[in-house]
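In each ligand, atom 1 is the first atom listed, and ligand 1 is the first ligand listed. We number each residue from 1, following the sequence as shown.
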Amino acid sequence: MTVPRIQLNDGHSIPQLGFGVFKVDPAETERIVSEALEVGYRHLDTARIYGNEEGVGRAIAASGIPREELFITTKLWNDDQGAQRTRDAFDASLERLGLEYVDLYLIHWPSPARDLYVESWREFAELRSSGRVRSIGVSNFLVPHLERLLEETEVVPAVDQIELHPAHQQPATAAFAEEHGIAIEAWGPLGQGKYPLFELPEVAEAAAAHGRTPAQVVIRWHLQRGHILFPKSSSRARMVENFEVFDFELSEGEMQAITALEREGRVSAHPDEVN
Ligand code: NDP
């Protein structure tokens, strides 16, 4: 199965569908990520705060998959913002992952109360120049945070990873990102199981029409919208289900009906409140 790639604004490209490991128990991570790699996922999304970078690294090492076939993302946690702390935190993440470089490093949240994300962003540009990070980006940045980065540094993030699913599509951030060539990564693409997406008639009807599951329909909606996504599952059967999404297509009408489900249905915290 060849997963389509999305071209980033820095010349690199990223597999559009990956596997996320938020809330994957560190003790189980190596096994679960190994299964995801066996299923065919080649793009992994972790973070220092998930506490499972070591397990991700062990699964990568055990897989024998050539490094260049993998796309690995990790993230800087809020209390590591600031120039020196960013450098140290990056070194520590790289070591825990057992890698020589990561494909994508993200500022996890803007953490406006700290007011250090611009400083960290300058350091990210240095890390990219060092070659130990291929692409740099941000997460949970809203338009004012992105505007400030662009005004103060002129370094455009390759991606913005934001909560995004049919009930919470963040149109203002998505439009700003598109205008500036920033790719959108959708976290919580299935609503984290907290928003009842799968029961909505628009989703359920499309699933029935295609003989697919509601989760596959939601993933397909993301793919056709051009989002990068990495649904998480601890179940091998659901890993497979979430990967078998490249042999059917939602119609224009089905896409429009699901896009009309926008409800400002945020399932997690507002970025200005996470510090
Ligand atoms: P998701 O929207 O991917 O939902 C995961 C939940 O859905 C789990 O409870 C999982 O249960 C369930 N699930 C997965 N597949 C299916 C399926 N086919 N049918 C029914 N239920 C299913 O939420 P996440 O928060 O995990 O988001 C994905 C990734 O995004 C994260 O793992 C992380 O990498 C990233 N993320 C980034 C954030 C940020 O601030 N930058 C914040 C949150 C997430 P089960 O495991 O039992 O299958």
For [atom], closest protein heavy-atom neighbour:
{"atom": "atom 42 (C) of ligand 1", "answer": "W187 CD2, 3.2 Å"}
{"atom": "atom 16 (C) of ligand 1", "answer": "R238 CD, 3.5 Å"}
{"atom": "atom 28 (C) of ligand 1", "answer": "F230 O, 3.3 Å"}
{"atom": "atom 31 (C) of ligand 1", "answer": "F22 CB, 3.4 Å"}
{"atom": "atom 9 (O) of ligand 1", "answer": "Q192 O, 4.4 Å"}
{"atom": "atom 18 (N) of ligand 1", "answer": "N242 OD1, 2.8 Å"}
{"atom": "atom 27 (O) of ligand 1", "answer": "G188 N, 3.1 Å"}
{"atom": "atom 3 (O) of ligand 1", "answer": "K232 N, 3.1 Å"}

Does either side chain, that of S93 or that of E53, offer a donor lying less than 3.5 Å from an acceptor on the other one?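 There is such a pair (donor and acceptor under 3.5 Å, judged by atom type) between the side chains of S93 and E53.
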Short side-chain donor-acceptor distance under 3.5 Å, H210 and Q216: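 Per modelled atom types, Q216 and H210 side chains form no pair under 3.5 Å.
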Does Y101 have R67 sitting over its ring (NZ/CZ under 6.0 Å from centre, angle to axis within 45°)?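 Judged by the rule (NZ or CZ under 6.0 Å from the ring centre, within 45° of its axis), R67 counts as positioned above Y101.
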Compute both the distance and the angle, then confirm whether R148 meets the cation-pi test with Y117: under 6.0 Å from the six-membered ring centre, within 45 degrees of the axis.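 Yes, a cation-pi geometry.
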What atoms in ligand 1 come closer than 4.0 Å to a heavy atom of [X]?
{"X": "W109", "result": "40 (O)"}
{"X": "G20", "result": "32 (O), 34 (O)"}
{"X": "D45", "result": "33 (C), 34 (O), 35 (C)"}
{"X": "Q161", "result": "35 (C), 36 (N), 37 (C), 38 (C), 39 (C), 41 (N)"}
{"X": "G191", "result": "2 (O)"}
{"X": "A215", "result": "17 (C), 18 (N), 19 (N)"}
{"X": "H108", "result": "39 (C), 40 (O), 41 (N)"}
{"X": "F198", "result": "19 (N), 20 (C), 21 (N)"}

Charged N to carboxylate O under 4.0 angstrom, [X] versus [Y]?
{"X": "R31", "Y": "E35", "answer": "yes"}
{"X": "D45", "Y": "K75", "answer": "yes"}
{"X": "R238", "Y": "E241", "answer": "no"}
{"X": "R42", "Y": "D103", "answer": "no"}
{"X": "R236", "Y": "E38", "answer": "yes"}

Part of [X] within contact of ligand 1 (heavy atoms, under 4.0 Å):
{"X": "S234", "result": "both"}
{"X": "N140", "result": "side chain"}
{"X": "V21", "result": "backbone"}
{"X": "E241", "result": "side chain"}

Checking T73 now: which residues fulfil side chain to side chain donor-acceptor pair (under 3.5 Å) with it, not counting sequence neighbours?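 By the side chain to side chain donor-acceptor pair (under 3.5 Å) rule, T73 matches no residue at all.
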Checking the N or O distance criterion of under 3.5 Å, is ligand 1 in contact with S233?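 Yes, there is a polar N/O contact under 3.5 Å.
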Between P231 and ligand 1, does any nitrogen or oxygen pair lie at a separation below 3.5 Å?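 No; every N/O pair is 3.5 Å or more apart.
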So if you build clusters from Ile, Leu, Val, Met, Phe, Trp, Tyr with side-chain heavy-atom gaps below 4.5 Å, do L116 and W77 land together?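 Each belongs to a different hydrophobic cluster.
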Just jot down the side-chain contact (heavy atoms from CB on, under 4.5 Å) partners of P214, sequence neighbours excluded, or say none.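 Listed in chain order: F198, V203, A207.
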Flag the pair W221 / H165 as yes when their ring centroid distance falls below 6.0 Å, and as no otherwise.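 Ring centres of H165 and W221 not closer than 6.0 Å.
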Report the residue from T86, D80, N78 that forms a side chain to side chain donor-acceptor pair (under 3.5 Å) with S120.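 Exactly one candidate clears the test, T86.
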Measuring from atom 36 (N) of ligand 1, which candidate in F19, Y195, Y50 has the nearest non-hydrogen atom?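 Selected option, by shortest heavy-atom distance: Y50.
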